[in-house]
Each structure stands twice: as structure tokens, then as C-alpha cells.
Undergrad: 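If you scroll down you'll find the structure; I have some questions about it.
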Amino acid sequence: MDKIVIGMVGAGRATELHMNALQRVSGIPLRFKTIVARRPEQLLPAKERYGFEIASYNFNDLLIDPEIDVIDICTPPYVHEDMIIKAIQAGKHVICEKPLTGYFGNENDEKPVGLKVSKTIMYEEVLKSIENLKKIIDASDRKFMYAENFVYAPAVVKAAEIIYAKKSRILYMKGEESLKGSSSPVASEWSKTGGGTFIRTGSHPLSAILWLKQQEAQARGVDIFVESVLADMGRVTPLLSEYEHRHIMAYPNDVEDNGTVILTFSDGSKAVIIATDVCLGGSKNYLELYCNDANIKCNLTMNDMMSTYFLDEYGLDNVYLSEMLPTKIGWNKPFIADEVIRGYTDEMQDFMESIYHDREPKSGFKLAYDTIKITYAAYKSAEIGQRVKL
């Protein structure tokens, strides 16, 4: 293989994060051939910005091109499963943004899906979907790479190194990703996203927690798995007046804007995952590990690498400070080397090395499978008000 030839589907925020990281990959030659999206106002600027040779509105153009080695799926979640299957069957490696898949409604479902369809039914249907995906991927020699940047974040990687070296027992974990809402036009619709803030943002700390427990299990030579899930979720922002809502970008139709999930592992340890769309001041991303011989806190954002104080925003129009920050005035904690600190650079480096050197990626199908299974078990738990055993 002289170069890895990449096809991209999507031209939104996820594509921006992936491409900023792919352009930093070292030691492996890459060729950005074709980018596919539906809206010309996104597609054409993305082609020029990222240096793709071809812009297309047809996903099939990626499938039938014999030169393309890997398809990077950065689309809304409701098309992930179909695209994964078609790409794998066309002989392409696949990078897929979270979530792996979800329940987005059937033709006969009463609308809106998130309010009218039982989460128990959703959970059962998702289990069928991921088992089908597993069979298709297992039967192929193509690689599936799950774009979960948290497990590549330097702080999380260092935590794993410590846990592995000390053979520590992780007794309790906390993880959170919270923002003031979403800029995605489909974030409020279950039929497009497969859920609300928990699947959209909570999946990050959830995956990282699952991955860290597996590092512990490997170090200690034991088997650790999630035994049960207990969750509480809801929508609070629809209760706000227009004035009270003025700083928050969450407008959920049939999805949750807050979720708290408790995992119980087979070794008796616990983990709490929090995700909300009501957090002002920029995105909040952290993990905390309480171990028998250590206490580890991983701050992805907001971290203390730099602080700024401004009385005005003069000259700062094109200066990026942080995600979902409404103003640069006053004290702020800017994102420094965001693609590196949140794991995107090492994620894409690992994926490209996996293809180029024919090895398995650190974040693969099992992590994607477990994350979506637990996410929908959490949705079921929140609906029935009981613990769900896996």
C-alpha cells in the first residue's frame, strides 16, 4: 500500500474534528480523494478546506471507487448502520462516529418516536441490529474503527498506564460530558439521533469508563463486565420561559436534555455517568477514578493549561477559545491543542496505522457494541424506573 486513500461522508462538525486530526497523522502517506455530503453549502467549502480531490452528493461513489481504502462516516446517526454494512460489503475499512447505531423508528411507529415508542422495544431492536452488524463485520477481513476520542485522550491514556502498572482496582468512577445544548439541526429529534444528550455526549465518558475497566481486567488477569444499569433521564428545558431559556441551546422535542446513569460491574465496582444540555461556560469533560491505591482525575475540558481575561472581544473574531462558549469576555480557560488533548490526533494516527500495518485498532467494534447496548439499557431503565440486568 503506497497511500491510504480516504473517502469521507459528511461535512459537519465531526468531519472537521476528524480532518483536523487526519491532517496531523505522521509516518503514513494519506490521500484525501472524495468527500460526500447532501448540502452544497457544506460540501463545497469542505472539499476546498480539507483538500479532497472530488466532491459528490452520492454515497455510492465511495463504494464503487476501487482506489478508496477506508470510508469515514461522519453523518447523523440514523444512517450509520446502513452505511457501515454497505461499506464493509464493498470491501472498505470503516471509521464510524458515535453512536454505532440506534433506534430511529419504523414506518408504523406513532410519532414522535421518542415519546410514543417503548424504550423496551427500542432496546430489543437495537440488540438485534448490533448482533447483525457483528456477524457482518466478523465475516469480513475489513477493519471497523470506532471513533471514540476519549480513549485516546492523553489524560485517559496516562490513567490506563497507571492502572495497568500498579494493577490497581478501580472501585468507583465518575464521568461527565455536559454542554449548553447542540448546534446540530437534528439533535432534538429521536428519529435522527437515536436519543438525546446521553447518546450524543454521555457516550464519550461511558466508553472511556468501559475501556478503563478493561485495562484493569487485563492487568489483573480477570474478567470484568457490566452486570446492570440504572438510569434517570428527563427534559427540563421545555419548562423554561423564553427569557430563562435565552442562554441555553437545547430545544428537545422527544429526546432527553439530562441523564444520569449508574453502572454496576461484576467485580462490585460502580460508575456514574452524567450528560446534560444545561451546562453554561463551555463544554465540561472529565473522568475521576477512585482506586484502592490511587485517586486519578482526568480533565479534558475545561483544563488549567491556560487562562485568559478580556474586557472586550476586539481582534478575537477568528481566535477560537473553546467549544460552546458564548463570549470571550471575562475569565476563560481556552482549549490548547484541542485535537491532541481530547484524543482526536492519536485516534486517527492509530486508525491509519491499523490499516497500514494490518493490526487491530485500540477502539474497535466491541467498544462500539458495548457502548450502544448499555446506552439503550439506560433508556429502558429510565422509562421503567428499574435496574436493567445485562
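Only a predicted model underlies this, so the values are computations on that prediction, with no experimental measurement involved.
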Undergrad: Determine whether more than 12 heavy atoms belonging to other residues, nucleotides or ligands lie under 6.0 Å from atom CG of N60.
TA: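 Yes - once you tally the heavy atoms of other residues, nucleotides and ligands closer than 6.0 Å, there are more than 12.
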Undergrad: With E53 as reference, evaluate K33, R31, K47 under the side-chain hydrogen bond (donor to acceptor under 3.5 Å, both in side chains) test and give the passing residue.
TA: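 Answer to the side-chain hydrogen bond (donor to acceptor under 3.5 Å, both in side chains) test with E53 among K33, R31, K47: R31.
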Undergrad: Start with the C-alpha distance between E148 and K98, add both sets of side-chain angles, then the distance that settles salt bridge (charged side-chain N to carboxylate O under 4.0 Å, His left out), and finish with yes or no.
TA: CA-CA 7 Å; E148 180 41 72; K98 54 80 187 170; over 6 Å; no
Undergrad: When you look at Q214 and Q218, which way does the side chain to side chain donor-acceptor pair (under 3.5 Å) test go after all the steps?
TA: CA-CA 6 Å; Q214 288 309 303; Q218 291 175 22; 5.3 Å; no
Undergrad: Would you kindly check if the NZ (Lys) or CZ (Arg) of K86 is within the cone defined by 45 degrees around the ring axis of F59 and under 6.0 Å from the six-membered ring centre?
TA: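 Not satisfied by the 6.0 Å and 45° rule.
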Undergrad: Using a 4.5 Å cut-off on heavy atoms from C-beta on, say whether the side chain of C279 contacts that of L179.
TA: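 SC-SC contact between L179 and C279 ruled out.
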Undergrad: So E131 and K128, salt bridge (charged side-chain N to carboxylate O under 4.0 Å, His left out) or not? Walk me through it.
TA: CA-CA 5 Å; E131 280 298 323; K128 294 176 186 176; over 6 Å; no
Undergrad: Can you find a pair of side-chain heavy atoms, one from I341 and one from M305, that are under 4.5 Å apart?
TA: yes
Undergrad: Looking at every heavy atom in both S322 and M302, which two are closest together, and how far apart are they?
TA: OG-CE, 3.9 Å
Undergrad: Quick check: does any side chain N or O of S266 sit under 3.5 Å from a backbone N or O of F225, one acting as donor and the other as acceptor?
TA: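 Checking the backbone N and O of F225 against the side chain of S266, a donor-acceptor pair under 3.5 Å is found.
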Undergrad: Name the orientation class of the two ring planes belonging to F351 and Y152 (parallel below 30°, tilted from 30 to 60°, perpendicular beyond 60°).
TA: perpendicular
Undergrad: Do H93 side-chain atoms and D69 backbone N/O form a donor-acceptor pair below 3.5 Å?
TA: no
Undergrad: For the pair E360 (side chain) and S354 (backbone), establish whether a donor and an acceptor sit closer than 3.5 Å, ignoring hydrogens and angles.
TA: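 A pair under 3.5 Å: no.
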Undergrad: Between the side chain of K362 and the main-chain N/O of V151, is any donor-acceptor distance below 3.5 Å?
TA: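 The answer is yes, because a donor-acceptor pair under 3.5 Å joins these two groups.
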Undergrad: Contact between F365 and D138 at the side-chain level, heavy atoms closer than 4.5 Å - yes or no?
TA: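 When only atoms from C-beta onward are counted, D138 and F365 do not touch, as no gap falls below 4.5 Å.
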Undergrad: Between K143 (side chain) and V70 (backbone), is there a donor-acceptor pair under 3.5 Å?
TA: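 No, because the side chain of K143 does not come within donor-acceptor range (under 3.5 Å) of the backbone of V70.
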Undergrad: What pair of heavy atoms forms the shortest contact from A87 to I71, and how long is it?
TA: CB-CD1, 3.9 Å
Undergrad: So, the side chain of S363 versus the backbone of Y146: is there a donor-acceptor pair under 3.5 Å, distance only?
TA: yes
Undergrad: Return the orientation label for the H18 and Y344 ring planes: parallel under 30°, perpendicular over 60°, tilted otherwise.
TA: tilted
Undergrad: With a 4.5 Å heavy-atom cut-off, do R200 and D277 have their side chains touching?
TA: yes
Undergrad: Determine whether E177 and P205 make a side-chain contact, defined as any pair of heavy atoms from C-beta on separated by less than 4.5 Å.
TA: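 Yes, close enough: below the 4.5 Å cut-off.
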Undergrad: So do the side chains of I170 and S269 get within less than 4.5 Å of each other, counting heavy atoms only?
TA: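 Of all side-chain heavy-atom pairs linking S269 with I170, none is under 4.5 Å.
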Undergrad: Tell me whether I274 is reachable from M324 by hopping between hydrophobic residues (I, L, V, M, F, W, Y) whose side-chain heavy atoms are closer than 4.5 Å.
TA: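 Per the 4.5 Å side-chain linkage, M324 and I274 are not co-clustered.
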Undergrad: Is atom NZ of K270 surrounded by more than 12 heavy atoms (other residues, nucleotides or ligands) closer than 6.0 Å?
TA: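 Buried by this count: over 12 neighbours within 6.0 Å.
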Undergrad: Walk me through it: do K192 and S184 pass the test side chain to side chain donor-acceptor pair (under 3.5 Å)?
TA: CA-CA 11 Å; K192 297 294 190 294; S184 169; over 6 Å; no
Undergrad: Taking the inter-plane angle between the rings of Y251 and H245 on a 0 to 90° scale, is it parallel (under 30°), tilted (30 to 60°) or perpendicular (over 60°)?
TA: parallel
Undergrad: Which of these passes side-chain hydrogen bond (donor to acceptor under 3.5 Å, both in side chains) with K333: T308, N299, D304?
TA: D304
Undergrad: Is there a donor-acceptor pair under 3.5 Å between the side chain of W190 and the backbone N or O of Y103?
TA: yes
Undergrad: Taking the side chain as C-beta and beyond, is there a heavy-atom pair between V278 and T237 under 4.5 Å?
TA: yes
Undergrad: Are L171 and I273 joined in one hydrophobic group, where the rule is that I, L, V, M, F, W and Y side chains link up if heavy atoms are under 4.5 Å apart?
TA: no
Undergrad: Quick one: does T260's side chain get under 4.5 Å of N258's, heavy atoms only?
TA: no
Undergrad: Would L127 and Y379 show up in the same hydrophobic cluster when neighbours are defined by side-chain heavy atoms closer than 4.5 Å?
TA: yes
